Amino acid sequence: MCGRYSLIIGMEQLVIRFGIGRVETELVPRYNVAPTQVMPVVVGQEGNRELRMMQWGLVPFWAKDRTIGNRLINARMETVAEKPAFKYALRQRRCIVPADGYYEWQKTGAGKQALRIVRPDREVFGLAGLWEQWQDPAGDLLFTYTILTTSPTAPVKHIHDRMPLVLNPEQEDFWLYGLQGTTPAEVGSFIKNLWSPPELTSYPVSNLVNNPRNDNPLCIAPA
DNA sequence: CCAGACGTTGTT
DNA sequence: GTCTGG
DNA sequence: CCAGACGTTGTT
DNA sequence: GTCTGG
């Protein structure tokens with residue numbers, strides 16, 4: 001699965017990598033991104049890509065309160081088209097979540113070992129995501145996102161039984177725009193067609209990353 | 001009909 | 001908003 | 001994902 | 001054990 005990640009690269013690189021037209025905010029390097037935190041996601045608007053800041057943990061537009069977002073940090077690719085919490089966002093509000101590594105915790109005899117998963121070339125990932133807009137009782141808008149998960153590929157199969165849905169760059173436009181003009185019945189095959197196995201590698205890191213309050217280069221240092 | 005849930009992970 | 005369960 | 005709280009009363 | 005917050 002994907003419950004913690006990093007985004008260290010700067011805005012300039014991000015803008016180039018994802019072809020962002022307009023930038024909303026400054027970015028600081030993040031070594032330990034946890035659910036509920038506000039991070040940039042890439043959204044498409046009429047052929048133009050835009051970076052928007054949103055909170056990790058999807059709050060569906062119909063939710064009565066925002067705490068549901070704590071539990072909706074991931075969406076299973078296999079069922080996302082049917083789940084009430086995700087189906088509307090899947091049709092209307094897809095996004096790409098930039099991350100240059102994500103973390104998994106592997107059970108060991110002594111407890112848990114944190115691992116960081118990256119690309120072999122250390123390039124940034126584009127993770128398939130969904131976003132939502134929710135209105136709180138006071139009328140303020142909350143923008144949130146979630147990350148899709150799928151079956152693990154060979155390099156990470158031994159670590160965990162899920163992994164985030166990593167888009168290859170040539171699949172990113174399809175993810176953002178490929179649903180235009182399709183019927184609800186076609187959404188399922190859309191999901192299956194967009195994925196191909198990414199290259200991944202992993203290494204152990206310090207358990208300092210366990211605590212979300214730790215957000216510094218030690219989180220990505222090989223243990 | 002209305003009421004109540006709406007999710008993932010991992011672990012058992 | 002929509003679906004399931006009672 | 002992990003860490004940390006998990007409660008009431010009354011007073012500041 | 002379970003929920004909330006980061």
Side-chain angles (χ1 to χ4, degrees), chain A residues 1-7 28-40 53-93 97 99-118 125 127-136 142-152 156-166 184-185 187-188 191 200 202-216 218-220 223:
Chain A
M1 82 155 318
C2 184
R4 215 70 81 75
Y5 66 91
S6 63
L7 185 62
V28 297
R30 294 299 311 278
Y31 301 91
N32 191 8
V33 178
T36 72
Q37 296 180 345
V38 175
M39 292 297 291
M53 300 302 287
M54 300 192 192
Q55 181 177 301
W56 188 9
L58 198 83
V59 181
F61 65 91
W62 45 256
K64 289 188 192 71
D65 68 280
R66 70 184 68 211
T67 62
I68 192 173
N70 294 334
R71 302 183 290 283
L72 303 185
I73 66 172
N74 293 132
R76 292 178 66 90
M77 180 191 90
E78 298 88 338
T79 54
V80 66
E82 286 79 41
K83 297 293 183 182
F86 302 127
K87 53 194 271 191
Y88 309 97
L90 177 65
R91 294 232 57 184
Q92 307 290 334
R93 296 175 291 279
V97 182
D100 45 28
Y102 70 94
Y103 299 99
E104 297 282 13
W105 280 262
Q106 198 171 30
K107 277 228 152 199
T108 66
K112 281 178 203 163
Q113 174 62 57
L115 301 171
R116 182 163 185 251
I117 295 91
V118 295
F125 297 122
L127 306 179
L130 305 174
W131 65 276
E132 272 283 5
Q133 176 177 326
W134 180 76
Q135 199 167 29
D136 74 14
L142 177 69
F143 292 88
T144 59
Y145 68 95
T146 191
I147 296 170
L148 271 69
T149 63
T150 188
S151 295
V156 291
K157 194 162 278 184
H158 64 289
I159 300 173
H160 224 62
D161 64 348
R162 302 295 294 169
M163 65 176 269
L165 203 168
V166 178
V187 173
I191 282 283
L200 298 172
S202 69
Y203 64 93
V205 295
S206 160
N207 280 349
L208 280 175
V209 77
N210 291 13
N211 196 323
R213 286 178 304 200
N214 297 326
D215 184 19
N216 58 62
L218 290 174
C219 293
I220 65 164

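Below, each value reflects all heavy atoms present in this structure, side chains not excepted, and no hydrogens, waters or symmetry copies. From a predicted model like this one, the values you see are computed outputs, not experimental measurements. A, B, ... follow the sequence lines: proteins, then strands. Residue 1 opens every chain.
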For nucleotides [N] and [M], find the distance between their [atom1] atoms and express it as a whole number of Å.
{"N": "E:dG6", "M": "B:dT8", "atom1": "P", "answer": "24 Å"}
{"N": "D:dC6", "M": "B:dA5", "atom1": "C1'", "answer": "24 Å"}
{"N": "D:dG7", "M": "E:dC3", "atom1": "P", "answer": "12 Å"}
{"N": "B:dT9", "M": "D:dC2", "atom1": "C1'", "answer": "12 Å"}
{"N": "B:dT11", "M": "D:dC1", "atom1": "C1'", "answer": "16 Å"}

Does [X] reach a base, just sugar-phosphate, or nothing at all? Heavy atoms under 4.0 Å.
{"X": "A:T149", "result": "sugar-phosphate"}
{"X": "A:W62", "result": "base"}
{"X": "A:F86", "result": "sugar-phosphate"}
{"X": "A:Y5", "result": "nothing"}

Pairing string of DNA chain D (Watson-Crick or G-U wobble, both atom distances under 3.5 Å; | = paired to other strand) is ||||||......

Shortest non-hydrogen pair, A:C2 vs A:I73, comes out as O-CD1, 4.2 Å

Heavy-atom closest pair (A:P60 atom, A:A85 atom, distance to 0.1 Å) is CG-O, 3.8 Å

Worksheet item: Excluding sequence neighbours, so at least two apart, what forms ring pair (Phe, Tyr, Trp, His ring centres under 6.0 Å) with A:F61?
Response: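 By the ring pair (Phe, Tyr, Trp, His ring centres under 6.0 Å) rule, A:F61 matches A:Y88.
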
State the [atom1]-[atom2] distance between [X] and [Y], to the nearest 0.5 angstrom.
{"X": "A:E132", "Y": "A:T144", "atom1": "CD", "atom2": "OG1", "answer": "6.0 Å"}
{"X": "A:N32", "Y": "A:L208", "atom1": "CG", "atom2": "CG", "answer": "9.5 Å"}
{"X": "A:W134", "Y": "A:K64", "atom1": "CH2", "atom2": "NZ", "answer": "11.5 Å"}
{"X": "A:K107", "Y": "A:K112", "atom1": "NZ", "atom2": "NZ", "answer": "6.0 Å"}

So side chain to side chain donor-acceptor pair (under 3.5 Å) across residues 75-85 of chain A, not counting sequence neighbours, yields A:E78-A:R162

Tell me every residue that passes salt bridge (Lys or Arg N to Asp or Glu O under 4.0 Å) with A:D161, counting only those two or more places apart in sequence or in another chain.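 Listed in chain order: nothing, the list is empty.
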
So the contacted stretch of DNA chain D, first to last nucleotide with an atom under 4.0 Å from a non-hydrogen atom of chain A, runs from D:dC1 to D:dG4

Expected string for nucleotides 1-6 of chain E under the B/S/- scheme (protein heavy atoms, under 4.0 Å, primed atoms plus P, OP1, OP2 as sugar-phosphate) is ---SBB

Please determine whether side chain to side chain contact (heavy atoms under 4.5 Å, CB included) holds for the pair A:Y103 and A:I220, giving the CA-CA distance in whole Å, both sets of side-chain angles, and the decisive distance to 0.1 Å. CA-CA 9 Å; A:Y103 299 99; A:I220 65 164; 3.3 Å; yes

Review point. Is the shortest side-chain N to carboxylate O distance from A:D100 to A:R30 below 4.0 Å?
Key: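 So A:D100 does not pair with A:R30 through a salt bridge.
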
